[in-house]
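Below is one structure, written out as structure tokens, with a few remarks after it.
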Amino acid sequence: MSVNEDRVQTLMAMFKRRGVVRPAFELYGGVAGLFDYGPVGGRILRRTQEIWLHHWLRLGNIVEINSPTVTPHLVLEASGHVGAFNDHAVQCLSCEAVERADQLLEGHVNNPDALDAAQLDAALSEHAIECPSCSTTDWAGSAPMNLMFPTSIGPVGTGRSAFLRPETAQGMFTNYPSIYRHFKQRLPFGAVQVGKGYRNEISPRQGMIRQREFNMAELEYFIDPEAEVNLAEVARNDVPLNLVPDPKGAHAESLSSEMIPALEAGIVRHPVVGHFMLETYRLMIQLGIDPNRMRFRQHEQDEMAHYASDCWDLEIHGCYGWIECVGIAHRGCYDLEAHALASGSMELRAWREHPEPIHVDKTAWVPVQAKIGPAFRGDAKMVIQSLEAIDDAPKSTPFPLTLTNGSVVTIEEDMVESRRVRYTINGEWFTPHVIEPAFGIDRIIWHMMDHSFNQIEKEGESYDIMRLPEDVAPYDAVVLPLFNKDGMSEKAESLFRDICSIPGLVPTIDAFGKSIGRRYARADEIGIPWAITVDHQTMEDGTVTVRSRDDQRQIRITIDNLLEQLRFRTLADHFN
RNA sequence: GCGAGUGUAGUGUAGUGGUUAUCACCCGACGUUGCCAACGUCGGAACCCGGGUUCAAAUCCCGGCACUCGCACCA
């Protein structure tokens, strides 16, 4: 992993100087892993989130929800986070190295992950586990190291235990019944959430890449695992992607492939996963990520969560090397089933109509519960279920009945009545499967800026341009009076107000007494795409010059035309 | 969390027991300037925090916090 430290420093210095991103609470010495977006970065973050959101909403069957970050212990226990995030650490008293207790015990006891602190300590001494650093067996007591931020609901001590959420996804799962109704009980559909996630990292490093509180955006897409998927539909406008398949799988070689062939070859294992890989790729291009510095890396079987059947990370190459920025996982029915089990709810499922209704018309032995109950007591329920399950009812009583636990009981004449049973089965309940694309927004923004930031030579000097796409630029335009005289300042101010009043546009103005070249440079550095200059001619004929950030060419148009072009974002057409 | 290194204006830096704390960019005001980091004058802005040693600490020592690197961690 090669880190381009010089470029990291250059970018971070600029971010701090221009109000993009900086360490949070520096006033009080700073806190590792927490960052502020400043006046410029705040705009970029918001616009990135909006583009992200609209990218998915435009698919037509996706909705946005918003749920609390404070999440009850029970919810995160059901989701598996409490177990997964509550590893125990143990310190060597001799050399002070800190190790994970369950990792030390791997191979010595079964499933060490499940042990509590006391059991771990007992196991460590029982198996005389040596410290990997100094080979002594002198361990301090193990202590939970919780990667979630604990809190408590209610201001007094006995409140319900809770955590700040480590991901936004649980909100989509716990809201599934509402979303299912919203979509008129018809799969497939999805829900997204843009918000904060929290992980109490042991040692956050790499600047914005690993934070303790971070911006994330997740999509949970619910599908019927048995539904046919139309490949051509899913892979519309197919383009080649850089794929790095599981090296231990059947297709070990990296390749560039379009999605349909990759699906046909079994490299990508599910068409809906492929669909979201393509859509993710398009979104990244729209945000200004360099297509040549993106790749999809497939998780190895043992890297994936046990319930997942396929998982691809979108990795982006930047000055920290290849960084995982998006994870697209096929999570099967794991999440909804886990919550159904823990909550006892019957609502976390979907109804599938059979193509043809199944008409049942049979003669069956209907249990007489008043007799079966006393006769079989604890097994009565099982007996009744087994009776209802038999398709070919014996013609006469008594008859033997095999229960689900394998034992055989005798059904006497008075325990059943022969009856003709007629009903229709129109469909069945099932737990939908979930495809989850999860985005680390801060990581994406870092790479947008990294890929957009150009240092060019201009008249022998280094010159910085942030070539962000118009849609994520911190300002839509900057208004500049050429000079601070002859009414140009006033004219610029009124033009600035006019642009401000157009819904959706956020311009800025740089009117103070610096040279025009310096003010162009300031705007270029933070990526403002258009510089509108009010000059002498403006005062005569109402035209202004529009300068393009990326090639520094200028056109002259009327103010009315300018406002129109800004409103419809068509200025770029004039520079092609 | 361990080990090593580092912490000086907004940014990048110089200095290393006694300085009015260096330099550049920067930011602002005024003047000048007919379009790409011009110029002049004036102004603004810093020794990470806390303790100790000392007549004197930004400088030496200790502790904290933060950053960088290595180890560990990263569902």
Side-chain angles (χ1 to χ4, degrees), chain A residues 3 5 8-19 22-34 38 76 79-87 89-92 95-100 103 113 132-134 140 143 145-148 166-167 169 197 199-207 209-212 299 303-308 311 323-324 327 329 438 440 458-465 480-486 488 512-525 531-539 544-549 551-554 556:
Chain A
V3 176
E5 284 171 43
V8 169
Q9 302 248 322
T10 304
L11 279 170
M12 212 52 215
M14 191 278 274
F15 286 2
K16 286 159 95 171
R17 187 161 32 83
R18 298 306 308 272
R22 65 183 311 132
F25 308 116
E26 263 195 323
L27 200 55
Y28 292 94
V31 181
L34 300 181
L76 292 162
S79 68
H81 286 93
V82 171
F85 276 68
N86 266 330
D87 296 322
V90 67
Q91 191 169 24
C92 172
C95 73
E96 298 192 319
V98 175
E99 303 288 338
R100 263 177 58 181
Q103 287 186 339
D113 222 11
S133 312
C134 68
M145 54 175 202
N146 196 334
L147 266 356
M148 294 194 290
E167 59 173 31
R199 292 177 197 185
N200 206 350
E201 299 281 355
I202 297 167
S203 87
R205 292 275 171 93
Q206 298 176 294
I209 302 298
R210 263 176 77 200
Q211 301 184 45
R212 288 190 163 124
H299 280 210
E303 179 181 3
M304 256 183 311
H306 63 276
Y307 46 80
C311 185
I323 296 291
E324 167 200 345
K458 192 168 170 183
E459 287 155 29
E461 289 193 33
S462 167
Y463 190 90
D464 298 343
I465 303 179
L480 308 167
L482 183 59
F483 296 108
N484 209 346
K485 63 178 186 186
D486 302 335
M488 287 180 228
F512 303 110
K514 294 293 178 190
S515 75
I516 191 70
R518 172 174 301 276
R519 286 176 286 151
Y520 286 147
R522 284 171 170 171
D524 288 342
E525 189 180 37
I532 317 298
T533 306
V534 171
D535 56 18
H536 293 89
Q537 195 178 331
T538 309
M539 308 313 290
V544 291
T545 67
V546 179
R547 171 187 177 275
S548 152
R549 172 197 68 200
D551 55 21
Q552 302 170 22
R553 280 189 291 153
Q554 291 190 351
R556 176 170 284 279

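Source: prediction; values computed, not measured. Chain naming here is simple, since letters A, B, ... match the order of the sequence lines and numbering starts at 1 in each.
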Listed partners of E26(A) passing side-chain hydrogen bond (donor to acceptor under 3.5 Å, both in side chains), at least two apart: R22(A)
Would you tabulate the nitrogen or oxygen pairs shorter than 3.5 Å linking the protein to nucleotides 40-44 of chain B?
none

Can you measure N484(A) atom CG to A29(B) atom P for me and round it to whole angstrom units? 9 Å
M12(A) has an atom CE; how far is it from atom P of G10(B), in whole Å? 16 Å
Please find the pair of heavy atoms, one from A329(A) and one from C311(A), that lie closest to each other, and give the distance. CB-SG, 3.8 Å
E201(A) CD - C74(B) P separation (whole Å): 9 Å
Using the C1' atoms only, state how far G43(B) lies from C47(B), rounded to an integer number of Å. 22 Å
I'd like the C1' distance from U11(B) over to U16(B), given in whole Å. 23 Å
Winner on side-chain proximity to K485(A), out of G34(B), G12(B), G10(B), is G34(B)
For the pair D524(A) and K458(A), find out whether any cationic side-chain nitrogen is under 4.0 Å from an anionic carboxylate oxygen. no
In whole Å, what separates the C1' atom of C49(B) from that of U41(B)? 39 Å
Length of the line joining Q537(A):CD and C35(B):P, which is rounded to integer Å: 13 Å
Heavy atoms of H536(A) and L482(A) approach each other most closely as ND1-CD2, 4.5 Å
Output one line per pair: protein atom, nucleotide atom from nucleotides 25-28 of chain B, and distance, for all N/O pairs under 3.5 Å.
{"from": "C26(B)", "atom 1": "OP1", "to": "R518(A)", "atom 2": "NH1", "distance (Å)": "2.0"}
{"from": "C26(B)", "atom 1": "OP1", "to": "R518(A)", "atom 2": "NH2", "distance (Å)": "2.6"}
{"from": "C27(B)", "atom 1": "OP1", "to": "R522(A)", "atom 2": "NE", "distance (Å)": "2.8"}
{"from": "C27(B)", "atom 1": "OP1", "to": "R522(A)", "atom 2": "NH2", "distance (Å)": "2.9"}
{"from": "G28(B)", "atom 1": "OP2", "to": "R522(A)", "atom 2": "NH2", "distance (Å)": "2.9"}

Would you say the side chain of L147(A) lies within less than 4.5 Å of the side chain of H81(A), judging by non-hydrogen atoms? no
Using the P atom on both, measure C23(B) against G15(B) and round to a whole Å. 14 Å
So do the side chains of V544(A) and R556(A) get within less than 4.5 Å of each other, counting heavy atoms only? no
Between C1' on A37(B) and NZ on K458(A), what's the gap in Å once rounded to a whole number? 8 Å
Of the candidate nucleotides G34(B), C35(B), A37(B), which contains the atom at the shortest distance from the side chain of F483(A)? G34(B)
Residue-phosphate contact under 4.0 Å: S515(A) side-chain N/O, A37(B) OP1/OP2: no
Between C73(B) and S203(A), counting only base atoms on the nucleotide and side-chain atoms on the residue, is there a donor-acceptor pair under 3.5 Å? no
Identify the heavy atoms of N200(A) and R212(A) that sit nearest to each other, and give their distance. OD1-NE, 3.4 Å
Test of understanding: with side-chain hydrogen bond (donor to acceptor under 3.5 Å, both in side chains), list the residues that count as partners of N484(A), not counting sequence neighbours. S489(A)
What nitrogen or oxygen pairs link the protein and nucleotides 46-51 of chain B at under 3.5 Å?
none

In this structure, how many angstroms lie between the P atom of U33(B) and the CE atom of M488(A), rounded? 12 Å
Map D464(A) and P23(A) onto RNA chain B by nearest heavy atom, then report which one ends up closer to the 5' terminus. D464(A)
Atom CG of L480(A) and atom CD1 of I532(A): how far apart are they, to the nearest 0.5 Å? 8.5 Å
Using the P atom on both, measure G51(B) against U13(B) and round to a whole Å. 29 Å
Could you tell me whether R210(A) and E201(A) make a salt bridge, using a distance below 4.0 angstrom between a side-chain N and a carboxylate O? yes
Output the distance between atom CE (M12(A)) and atom CZ (R17(A)), rounded to the nearest 0.5 Å. 12.5 Å
CD of Q206(A) versus P of C71(B): gap in Å, rounded? 12 Å
Does the structure show a Watson-Crick or G-U wobble partner for C39(B), both distances under 3.5 Å? Name it, or say none. G31(B)
Using the closest heavy atom to pick a nucleotide of RNA chain B for each, name whichever of E525(A) or E324(A) lands nearer the 5' end. E525(A)
Using atom P of each nucleotide, how far apart are G44(B) and G10(B) to the nearest Å? 15 Å
Whole-Å distance, Q9(A) CD to U6(B) P, equals 15 Å
What integer number of Å spans the P atoms of A46(B) and A38(B)? 26 Å
Any donor-acceptor pair under 3.5 Å joining the side chain of R547(A) to the base of C35(B)? no
Residues T545(A), Q537(A); criterion side chain to side chain contact (heavy atoms under 4.5 Å, CB included); working and verdict: CA-CA 9 Å; T545(A) 67; Q537(A) 195 178 331; over 6 Å; no
With the side chain of R210(A) defined as its heavy atoms from C-beta on, choose the nearest nucleotide among C73(B), U11(B), A38(B). C73(B)
Under the side-chain hydrogen bond (donor to acceptor under 3.5 Å, both in side chains) test, which residues partner Q554(A), sequence neighbours left out? Y520(A)
Identify the two heavy atoms, one from M488(A) and one from F483(A), that lie closest to each other, and give their separation to 0.1 Å. CB-O, 3.4 Å
Strand partner of G12(B), provided both Watson-Crick or wobble distances fall under 3.5 Å: C23(B)
Between A72(B), C35(B), G34(B), which one does the side chain of R205(A) approach most closely? A72(B)
Can you tell me, in whole Å, how much space there is between the C1' of G7(B) and that of A14(B)? 15 Å
